[in-house]
Amino acid sequence: MLDQARITVSAGAGGGGTIAFRREKFVPRGGPAGGDGGRGGDMYLVADRGINTLNAFRYKREFKAKAGVFGGGSNKSGKDGEVFEIIVPVGTQVYELTGDDESRELIGDLTLHAQRMLVAQGGRGGRGNARFVTSTLREPLLAEAGEEGKKRVLKLELKLIADVGFVGLPNAGKSSLLAALSNATPKVADYPFTTLEPYLGVVEHHMQTLVAIDIPGLIEGAHEGIGLGHEFLRHVERTRVIVHLIDGGEGDAVGRLRTINSELGQFDSRLLEKPQIVVVNKVDIPEVELLQSEIKRELMAEAGVEREVLFISAVGRTGLDGLKDAMFRLHNEQETGGDALDAYDAVTLRDDGTAGPGEDVPVLRPVVDAEPAAAAIRTKDGFLVLHPRAVRLATGSDLSKWKAQVQMRDQLKRLGVTESLVELGIKSGDEVAIGEWNFVWE
Ligand SMILES: Nc1nc2c(ncn2[C@@H]2O[C@H](COP(=O)(O)OP(=O)(O)OP(=O)(O)O)[C@@H](O)[C@H]2O)c(=O)[nH]1
Ligand SMILES: [Mg+2]
């Protein structure tokens with residue numbers, strides 16, 4: 001199972017502004033009417049609790065949002081590029097990779113269903129020539145190119161969040177069940193407290209997946225810290241469904257059920273409000289099979305056990321389909337209105353397959369690109385203008401025309417570029433490069 005992915009996201013470029021003039025009868029060239037370009041589409045990550053893996057990124061790793069459309073004539077603005085949403089599982093941590101060494105920085109943590117994170121901002125549209133009209137400039141021949149969309153390399157890491165919790169006394173077979181239902185390989189042994197740390201596993205059923213968590217066995221007094229399980233009960237708090245596993249081979253199923261439920265309730269009464277599937281394990285043992293209907297009757301008589309009692313054998317792998325049906329059905333029933341549950345701590349899947357507490361959830365940090373510090377710099381051939389607006393203007397205009405060049409120099413003055421060049425010590429005859437355009441300073 002893939003639980004990390006490296007992807008490239010590119011927001012859409014802004015559409016270029018247009019140079020156009022109104023067509024009027026008997027007027028060779030009407031007023032300027034070039035519209036602005038549309039904004040490039042933004043790129044978002046959106047968390048969805050319907051998926052539990054990053055498998056979708058195995059084949060598709062590059063994502064591009066649509067560009068904004070060029071401005072039209074008659075002052076018509078170009079259409080904005082559509083927002084692009086990449087769906088990721090809830091529990092996805094987002095790192096930005098930068099530099100040749102791809103050093104990583106955590107930029108977000110999607111822990112809630114429907115949470116959105118802007119990862120690459122669409123480029124602004126360029127202004128059309130109609131926007132450059134002033135009292136002295138009646139016939140602007142300038143327009144801005146659209147801004148580039150942001151591009152980022154991201155590393156996604158899935159911090160699994162458990163959907164279903166397995167609880168029960170030590171030795172009930174919780175780890176055996178997790179091993180039988182999922183890809184996990186927890187340790188199984190015939191002594192109590194085999195499991196010392198919670199384990200997570202992804203359970204697949206009819207094209208759906210959910211994450212199950214196996215926690216150490218609970219014993220009487222667990223809520224006060226006796227045994228091990230209490231430490232991990234908080235992982236069960238955020239699950240939607242509890243699978244309560246009872247060892248059928250040990251007798252007194254009702255007493256065992258009560259012990260655990262009393263611990264759950266004392267730890268946090270909300271745990272008892274969760275749908276609970278009561279499952280009797282080890283039905284492969286002949287005595288258990290023999291007593292099946294009696295055990296079932298006793299358990300059904302218990303308050304709180306409204307649902308069917310299931311009989312399975314984790315080791316013999318019987319009854320598992322019925323259990324999966326119940327798990328997915330109850331889980332899906334909780335999908336709506338369960339948002340309060342999401343506020344609980346997430347659980348981290350460690351490299352060795354065990355689960356640790358989720359780290360504190362960092363606030364989503366909006367990604368902002370720094371503007372270049374200087375409007376222009378000196379190069380070995382002369383001067384290079386970096387001012388983003390000026391560069392876009394040079395790119396979006398047809399500067400082969402002498403009139404356009406005059407207007408462009410005017411704009412450089414207005415944008416403060418001229419002043420920067422003077423401060424850098426520019427002299428008459430020096431070469432200035434700006435976007436695709438080069439000119440000689442006078
Ligand atoms: N006969 C039989 N034995 C089982 C079954 N499931 C589990 N066992 C055995 O029961 C013992 C305990 O199983 P585990 O899966 O380690 O139980 P656990 O609930 O995880 O136990 P702790 O981690 O100690 O809380 C092991 O010896 C298993 O082989 C089953 O379906 N039938
Ligand atoms: Mg175990």
Side-chain angles (χ1 to χ4, degrees), residues 160 162 164-203 211-236 239 241-253 255-264 267 271 276-292 295-296 299 309-324 326-327 347 349-350 352-356:
L160 290 177
V164 176
F166 293 173
V167 299
L169 288 165
N171 250 348
K174 301 177 295 296
S175 302
S176 305
L177 181 62
L178 188 75
L181 291 183
S182 78
N183 57 339
T185 51
K187 189 173 170 195
V188 169
D190 64 353
Y191 51 83
F193 301 118
T194 309
T195 303
L196 302 174
E197 286 188 315
Y199 264 81
L200 290 167
V202 176
V203 182
V211 178
I213 184 165
D214 163 33
I215 66 166
L218 300 170
I219 54 172
E220 199 172 331
H223 71 280
E224 298 172 314
I226 300 176
L228 290 168
H230 70 286
E231 249 191 80
F232 306 107
L233 270 175
R234 60 191 186 81
H235 295 331
V236 177
T239 65
V241 177
I242 290 177
V243 169
H244 188 153
L245 204 60
I246 301 169
D247 185 341
E250 292 286 322
D252 191 19
R256 292 163 169 268
L257 179 86
R258 284 185 190 157
T259 302
I260 296 295
N261 276 342
S262 141
E263 292 306 322
L264 294 182
F267 183 81
L271 287 175
Q276 192 178 104
I277 308 171
V278 177
V279 181
V280 178
N281 188 27
K282 310 193 185 180
V283 72
D284 56 289
I285 300 173
E287 299 88 85
V288 181
E289 212 195 330
L290 216 63
L291 292 171
Q292 191 167 329
I295 297 172
K296 186 168 184 164
L299 286 172
V309 173
L310 302 177
F311 284 78
I312 64 158
S313 167
V315 168
R317 306 210 166 200
T318 54
L320 299 184
D321 263 346
L323 174 55
K324 280 198 270 189
M327 276 164 53
V347 182
L349 180 67
R350 300 207 191 97
D352 61 359
T354 62

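Values in this document were obtained by computation on a predicted structure and should not be read as measured data. Each ligand, and each atom within it, is numbered from 1 in the order the structure gives.
With respect to atom 25 (O) of ligand 1, the closest heavy atom belonging to the protein is Lys174 NZ, 3.0 Å. The nearest protein atom to atom 23 (O) of ligand 1, hydrogens excluded, is given as Thr195 OG1, 2.8 Å; this is a heavy-atom distance. Protein heavy atom closest to atom 28 (C) of ligand 1, with residue, atom name and distance, is Val188 CG1, 3.7 Å. Closest to atom 12 (C) of ligand 1 among all protein heavy atoms lies Asn171 OD1, 2.9 Å. Ranking the protein heavy atoms by distance from atom 5 (C) of ligand 1 puts Val315 CG2, 3.2 Å first.
Among Lys187, Arg317, Lys282, the residue whose heavy atom lies nearest to atom 9 (C) of ligand 1 is Lys282. Within the set Ile215, Asp284, Asn281, Leu169, the minimum heavy-atom distance to atom 2 (C) of ligand 1 is found for Asp284. The nearest non-hydrogen atom to atom 15 (O) of ligand 1, considering only Ala314, Ala180, Ser176, Gly217, comes from Ser176.
Close to ligand 1: Tyr191, with a non-hydrogen atom less than 4.0 angstrom away.
Counting heavy atoms closer than 4.0 Å to ligand 1, residue Ile285 contributes side-chain atoms (C-beta onward) but none from N, CA, C or O. With a 4.0 Å heavy-atom cut-off, ligand 1 is reached by the backbone of Ala189 but not by any atom from C-beta on. Heavy atoms of Pro192 found under 4.0 angstrom from ligand 1 belong exclusively to the backbone.
Distance alone, capped at 3.5 Å, places no donor-acceptor pair between the Asn281 side chain and the Leu245 backbone.
No N or O atom of Pro170 sits closer than 3.5 Å to an N or O atom of ligand 1. Taking any N or O of Ala172, backbone or side chain, at least one lies under 3.5 Å from an N or O belonging to ligand 1.
Of the N and O atoms on the side chains of Asn171 and Glu250, not one donor lies less than 3.5 Å from an acceptor on the other residue.
Between Val164 and Thr239, every side-chain heavy-atom pair lies at or beyond the 4.5 Å cut-off.
Comment: Lys174 does not engage Asp214 in a salt bridge, judged by the lack of any side-chain N to carboxylate O separation of less than 4.0 angstrom.
Considering the Mg ion (ligand 2) as centre, the angle to OG of Ser175 and to OG1 of Thr195 is 90° (10° rounding).
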